[in-house]
Visitor: 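Structure incoming, see below.
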Amino acid sequence: MAETKEKSTQEKKPVLPPKSNFSEWYNELLLIAQIMDVRYPVKGLYVWFPFGFDVRKRTYSIIRELLDKDHQEALFPLLIPENEFMKEAEHIKGFENEVYWVTHGGKNELDVKLALRPTSETAIYPMYKVWVRSHADLPIKIYQIVNTFRYETKHTRPLIRLREITSFKEAHTVHATWDEAAQQVKKATMIYQEFYRRLAIPTIVSKRPDWDKFPGADYTMAVDTLMPDNKTLQIGTAHHLGSNFAKTFDIKYEDINGDQVLAHQTCYGISERSIAALISVHGDDKGLVLPPEIAPIQVVIIPILFGKSDETLITCHNVEERLKTRNIRVALDETDERPGAKYYKWEMKGVPLRVEIGPRDLKNNAATLVRRDKGNKENVPLDDIEIEIENRFTAIHESLLEKARSSLEGRLITCTTIEEVKEKISEGITKIPWCGDRECGLAMEEAVGSGILGIPEGKLGKGSGICPVCKKETENIAIMAKTY
RNA sequence: GGGGUUGUAGGGUAGCCUGGUCCAUCCUAUAGCGUUCGGGACGCUGUGACCUGAGUUCAAAUCUCAGCAACCCCA
């Protein structure tokens, strides 16, 4: 009898593949945890479930909070006329192969084709030309959160490589001088790092090599993180556009001397890749693990019932109400399932804290608290439960960030030769001295078969060594990795 | 960019090679009722599927072609 029971419970486990099998884990998790429905019948387009959309809302409200300090949110059209889109030569080259075109209105062919924005420079800058008159109009710092379309020919992947990016936060700024714009790029990367700290995701900021910059930019700064399968994911970029677009879109201002001067611009963006990173970095074999700030449900209360357990339920409702008055997002699971089944269900959804209340707890005037990230059980007095929970929220966030950070740092690999990079690149992010020359960089990429992400800001990009191609001494350390 | 594999209930599968035995198997999910409840409960009664289109054939889940979609490998 006991044996058959044990056997049957073992057979009922295989809901989610282990995270070590990352690709399958990721796809299954999106569906089971109800982040995205990947079954929409068009390649590269996916559906946000209400739960996933809630995660998205909370994530993006952090971006808004951070940007609203000195940006304004606006909204530009989805459709861009062909003539505007085709103005900036470099920009076109970068995007023309992946643009969707609207060619008809009903049965009539349009005189001017309309592009579905792959990004909004060419939608926004004709308006900036009109808006910018005087140095007193500057700087302009505007952002929008919109969907964009790119006809990806490579493998599409939910949240990571999409034909419709549903959650593109793009900021577009205009400044008087090149230096001021450079300052803004710097600020943007700071904002993004702050944003990712709020998601407990560690990041590396680096300047992309010249051949890998945004089409039409002077230079590109990128924010990357490392995924569980040792590939990096670019989760934010900031571009210094110089006067390149100002020239083609004729964005000029009158300076204090009365001269007409070309403006300088930047743009910077973040997409739902931020949520791909959130899910992938923190999740485990049991499903999602969400930082409390993001979790749609922060606490779930599981009543442990025996026979008529009115008292247990009353206490649960009481705790629920008390938590609600503290603005804690709480759910009380009163369904008819057994406790174990409920644990698995809410763990899949990444609820940071579980409160179990049963007869044993009532006897002690206590509750059992279980952290999603660590899984350990603690007894806390019922009277202090709000404070105990709030304290743990902070602790959970910190330990998630710490865990993610040490996981990333543990996969930074110092190399001195190209052969070594080639050998180790599947294990993480490789560090290799690089003189910074284009020829050497391209040769390294060619030999390794992967890209140079850049020379990271801060300590990570500094050191001493010999460029493996030209053998010159250098203090620059570049990072190379397999990328999404 | 090149190559390969696959498409059967909400999810996972059997059947396909060798067409008829299939009003399609099993697990899970799900609806109702009852008993249960400290890590995926059980009983009873129900629900739900052959990707789309064309072709071959007396007969197609099964064979052929195309489309759409998914996955894997190489560049």
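Every chain is numbered from 1, with letters handed out A, B, ... down the list of sequences. Everything numeric here is computed off the predicted structure, so don't read it as measured data.
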Visitor: Among the nucleotides G39(B), G38(B), C71(B), which one has an atom lying closest to any side-chain atom of Asn27(A)?
Guide: C71(B)

Visitor: Mind calculating the distance between NZ (Lys154(A)) and C1' (G3(B)) to the nearest angstrom?
Guide: 18 Å

Visitor: Does G1(B) have its OP1 or OP2 closer than 4.0 Å to a side-chain nitrogen or oxygen of Thr153(A)?
Guide: yes

Visitor: Taking the basic N atoms (NZ, or NE/NH1/NH2) and the acidic carboxylate oxygens, is any pair closer than 4.0 Å for Arg371(A) and Glu378(A)?
Guide: no

Visitor: Find which nucleotide of RNA chain B each of Lys345(A) and Val38(A) is nearest to by heavy atoms, and output the residue with the more 5' nucleotide.
Guide: Lys345(A)

Visitor: Give the nucleotide from the list G38(B), C71(B), G40(B) with an atom nearest to the side chain of Val15(A).
Guide: G40(B)

Visitor: Can you tell me the base-pairing partner of G34(B)? Count Watson-Crick or G-U wobble geometry only, both distances below 3.5 Å, and say none if there is no partner.
Guide: C42(B)

Visitor: Assess the residue pair Leu353(A) and Ile396(A) against the criterion (side-chain contact (heavy atoms from CB on, under 4.5 Å)); give the C-alpha distance rounded to whole Å, side-chain angles, the decisive distance to 0.1 Å, and a yes or no.
Guide: CA-CA 9 Å; Leu353(A) 272 179; Ile396(A) 288 169; 4.1 Å; yes

Visitor: Between the side chains of Arg322(A) and Glu386(A), is the shortest nitrogen-to-carboxylate-oxygen separation below 4.0 Å, so that they form an ion pair?
Guide: yes

Visitor: Taking any heavy-atom pair under 4.0 Å as a contact, classify Glu337(A): base, sugar-phosphate, or nothing.
Guide: base

Visitor: Measuring to OP1 and OP2 of G38(B), would you say a side-chain N or O of Arg338(A) lies under 4.0 angstrom away?
Guide: yes

Visitor: Just the rounded figure in Å: distance from C1' of G38(B) to CG of Asn364(A).
Guide: 13 Å

Visitor: How many Å lie between OH on Tyr40(A) and P on C68(B), as a whole number?
Guide: 16 Å

Visitor: Give a yes/no verdict on base stacking between G40(B) and Tyr344(A): centres under 5.5 Å, planes within less than 30° of parallel.
Guide: yes

Visitor: Could you tell me how far apart Arg157(A) (CZ) and C71(B) (P) are, to the nearest whole angstrom?
Guide: 8 Å

Visitor: Should the pair Asp333(A)-Arg354(A) be classified as a salt bridge under the 4.0 Å nitrogen-to-oxygen rule?
Guide: no

Visitor: Take atom C1' in C51(B) and the same atom in A61(B), then report the distance between them in whole Å.
Guide: 12 Å

Visitor: Using the C1' atoms only, state how far G2(B) lies from U18(B), rounded to an integer number of Å.
Guide: 34 Å

Visitor: Pick the C1' atom in A41(B) and in U28(B), then give their distance to the nearest Å.
Guide: 15 Å

Visitor: With a 3.5 Å limit on both atom pairs, tell me what A70(B) is paired to, counting Watson-Crick and G-U wobble, or say none.
Guide: U5(B)

Visitor: If we take the C1' atom in both G15(B) and U21(B), what is their distance in whole Å?
Guide: 12 Å

Visitor: Which listed nucleotide (A69(B), G39(B), G38(B)) is nearest to the side chain of Phe306(A)?
Guide: G38(B)

Visitor: May I ask you to say whether Asp224(A) pairs ionically with Arg208(A), meaning some side-chain N is under 4.0 Å from a carboxylate O?
Guide: yes

Visitor: Could you work out which one of A69(B), U36(B), G39(B) sits closest to the side chain of Asp336(A)?
Guide: U36(B)

Visitor: For nucleotides U52(B) and A70(B), find the distance between their C1' atoms and express it as a whole number of Å.
Guide: 15 Å

Visitor: Can you check the distance between U36(B) and G11(B), where both ends of the measurement are the P atom (answer in whole Å)?
Guide: 35 Å

Visitor: What is the distance from CD of Glu347(A) to P of G39(B), rounded to the nearest Å?
Guide: 12 Å

Visitor: Whole Å only: how far is the CG atom of Leu31(A) from the C1' atom of C71(B)?
Guide: 15 Å

Visitor: Would you indicate which nucleotide in G11(B), C37(B), G39(B) comes nearest to any side-chain atom of Arg39(A)?
Guide: G11(B)

Visitor: Ignoring backbone atoms, test whether Ser23(A) places a side-chain nitrogen or oxygen under 4.0 Å from the OP1 or OP2 oxygen of C71(B).
Guide: no

Visitor: Closest-nucleotide mapping onto RNA chain B: is Ala341(A) or Pro303(A) further toward the 5' terminus? I mean the 5' end.
Guide: Pro303(A)

Visitor: Checking contacts here: which listed nucleotide (A70(B), G39(B), C72(B)) is nearest the side-chain heavy atoms of Lys286(A)?
Guide: G39(B)

Visitor: Measure the acute angle between the ring planes of Tyr151(A) and Tyr100(A), then classify it against the limits of 30° and 60° as parallel, tilted or perpendicular.
Guide: perpendicular

Visitor: Using Watson-Crick or G-U wobble geometry with both distances below 3.5 Å, tell me the partner of U21(B), or none.
Guide: none

Visitor: Could you give the CG-to-P distance, from Asp229(A) to C73(B), as a whole number of Å?
Guide: 11 Å

Visitor: Using atom C1' of each nucleotide, how far apart are C23(B) and A60(B) to the nearest Å?
Guide: 16 Å

Visitor: Determine yes or no for a side-chain-to-main-chain donor-acceptor pair under 3.5 angstrom, with Asp37(A) supplying the side chain and Arg39(A) the backbone.
Guide: yes

Visitor: Given the C1' atoms of A9(B) and A24(B), what is the spacing between them in whole Å?
Guide: 11 Å

Visitor: Rounded to the nearest angstrom, tell me the gap between atom CD1 in Ile304(A) and atom P in A41(B).
Guide: 12 Å

